[in-house]
Protein chains: 2
Amino acid sequence: MEMDWADNQIINTLQENARTSLDQLAHITGLSSATVQRRVKALRDSDVILREIAVIDPSKVGQRMSFVIMVELERERPDQIDIFVRRAMKDRQVQQCYYVTGEADFCLICTAKDMEDFEKLTHRLFFEDSNVRRFRTSVVMGRKKVGLGVFLDDER
Amino acid sequence: MEMDWADNQIINTLQENARTSLDQLAHITGLSSATVQRRVKALRDSDVILREIAVIDPSKVGQRMSFVIMVELERERPDQIDIFVRRAMKDRQVQQCYYVTGEADFCLICTAKDMEDFEKLTHRLFFEDSNVRRFRTSVVMGRKKVGLGVFLDDER
DNA sequence: TCATTTATGAAATAATTTTTCAATAAGCGC
DNA sequence: GCGCTTATTGAAAAATTATTTCATAAATGA
């Protein structure tokens, strides 16, 4: 999809606040609000904007802990990998699952109420899957930056 | 903040689609749209809903690569840690920065256009900071699940 | 150049959000 | 339980925001 400076501004702004009104975006870009609305629609239709979501504070809803988990599988056959991916993807406590190069096969970002809740998670994901060789857990002490932003060049 | 089943439904729904209208939320919860609007406002004001954002497809805006980087610092003094955190936080290509237990001190999730772009990132973040002992990079081959959702119990 | 397509802004329309207000429900002291 | 206060609720009005329409202007390309 063809994109210019105005689109970049729209994308950057909506990544910071998806509730920014078309009037505000019109002011930022110097376009009319009708044009901005068509630009936003095009960005949605072409899946540049994948979705618009509310970000919840996990600690405010009882999920007080976060974890980074590096997972090594026993066998790296595609079908074996797929079984693990499916299990991870459908688990609500797995926020992110990356298939990666290096020593580990996957990096997971997970949340849990407490350590007991985390232990249950490890059973669901790792002990019930005989193909998981080992996993290394890092407990998150500080969520210094948490986002999904890909911010674009502001230059005209 | 006191929260009931209707709030949970609102939270779960807005995490999937922040553009869900008050009428739709009213239908889901069985409340009036005026009440739902007040619930949503309360969730925003109390920072249960931290923000509402557009999620962009990185590959559609030229950021074709993602990386998981485990970072070890030389000295773990709070002021030294803070210097690194600040640098990581203000870098646009760092989507996430977790301060963690275990061998490494930090786990970063980063994006880059290509390997050259990534190399620049490592210089900015790691080589210019004499306090970084080492870092281990895992290149992301598959973004199997990417989100920030913390989904709540659906039971009444 | 001319024809065609595409993008634009102003205005009208539609949809959504926010406020107002009266009624009901929930807490609380006694 | 009774009376009092405070909270929460829904319907309707008001305000704001999003979308469509339509005529015009700019870009594209034979």
Side-chain angles (χ1 to χ4, degrees), chain A residues 1-57 59-62 147-156, chain B residues 1-57 60-62 148-156:
Chain A
M1 183 194 171
E2 186 68 41
M3 274 167 41
D4 62 12
W5 175 84
D7 292 304
N8 287 0
Q9 293 299 307
I10 291 168
I11 287 169
N12 283 350
T13 305
L14 292 181
Q15 282 187 99
E16 268 168 357
N17 180 11
R19 294 207 304 146
T20 309
S21 73
L22 297 174
D23 271 355
Q24 288 173 266
L25 290 173
H27 182 257
I28 291 166
T29 57
L31 297 169
S32 70
S33 80
T35 295
V36 167
Q37 118 75 8
R38 285 180 284 243
R39 297 289 192 103
V40 173
K41 183 178 185 334
L43 291 168
R44 287 180 181 136
D45 290 349
S46 63
D47 285 335
V48 174
I49 296 177
L50 291 170
R51 54 197 209 280
E52 283 147 279
I53 61 167
V55 179
I56 302 301
D57 183 340
S59 68
K60 292 255 168 71
V61 294
L148 300 174
V150 269
F151 292 96
L152 308 179
D153 205 345
D154 284 318
E155 310 298 312
R156 273 179 191 272
Chain B
M1 184 192 170
E2 186 68 40
M3 275 167 41
D4 63 12
W5 175 84
D7 293 304
N8 286 2
Q9 292 298 308
I10 291 168
I11 288 168
N12 283 351
T13 305
L14 292 181
Q15 282 187 97
E16 270 169 355
N17 180 9
R19 293 206 306 146
T20 310
S21 73
L22 297 174
D23 270 355
Q24 290 172 268
L25 290 173
H27 182 257
I28 292 165
T29 57
L31 297 169
S32 71
S33 80
T35 294
V36 167
Q37 119 74 8
R38 284 181 286 242
R39 298 289 191 105
V40 173
K41 182 178 184 336
L43 290 168
R44 286 180 182 136
D45 290 348
S46 62
D47 284 335
V48 173
I49 296 176
L50 291 169
R51 54 198 210 279
E52 283 147 279
I53 61 167
V55 179
I56 302 300
D57 183 340
K60 292 255 168 70
V61 293
L148 300 174
V150 270
F151 292 95
L152 308 180
D153 205 345
D154 282 318
E155 310 297 314
R156 275 182 189 269

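The closest side-chain heavy-atom distance from A:Leu50 to A:Asp47 is below 4.5 Å. Looking only at side-chain heavy atoms (C-beta outward), B:Asp4 and B:Arg39 come within less than 4.5 Å of each other. Using a 4.5 Å heavy-atom threshold, the side chains of B:Met3 and A:Lys60 count as separate. In this structure the side chain of B:Ile49 reaches within 4.5 angstrom of the side chain of A:Ile56, judged on heavy atoms.
Taking the nucleotide of DNA chain D with the nearest heavy atom to each of B:Arg39 and A:Ser33, the more 5' of the two is matched to B:Arg39. Mapping A:Arg19 and A:Ala34 onto DNA chain C via the closest heavy atom, the residue that lands nearer the 5' end is A:Ala34. Map A:Gln24 and B:Asp4 each onto its nearest nucleotide of DNA chain D; the residue landing nearer the 5' end is B:Asp4.
Spacing between atom CE of A:Met3 and atom P of C:dA7 amounts to 15 Å, rounded to whole angstrom units. Atom CD in A:Gln37 sits about 6 Å away from atom C1' in D:dA18, given to the nearest Å. If you take NZ of B:Lys41 and C1' of D:dT8, they are 15 Å apart, rounded to a whole angstrom. For the pair B:Leu31 CG and C:dT24 P, the computed distance is 18 Å after rounding to whole Å. At whole-Å resolution of the value, CD in B:Glu2 and C1' in D:dT6 are 16 Å apart. What separates CG of B:Asp23 from P of D:dA18 is a distance of 16 Å, to the nearest Å. Atoms CG (B:Leu22) and C1' (C:dT17) sit 6 Å apart, rounded to a whole Å. Atom CG of B:Leu25 is separated from atom P of C:dA15 by 18 Å (rounded to the nearest Å).
For C:dG9, one of the phosphate oxygens OP1 or OP2 lies less than 4.0 angstrom from a side-chain nitrogen or oxygen of A:Thr35.
Using a 90° window around 0 for the glycosidic torsion, D:dA7 falls inside it and is classed as syn.
The partner of C:dC30 is D:dG1, judged by Watson-Crick or G-U wobble contacts that both fall below 3.5 Å. Across all strands shown, D:dA30 pairs with C:dT1; the Watson-Crick or G-U wobble distances both stay below 3.5 Å.
Legend: residues meeting side chain to side chain donor-acceptor pair (under 3.5 Å) with B:Arg19, ordered by chain and number and at least two apart, are absent.
Side-chain atoms of A:Arg38 lie closest to D:dT21 of the nucleotides D:dT17, D:dT21, D:dG10.
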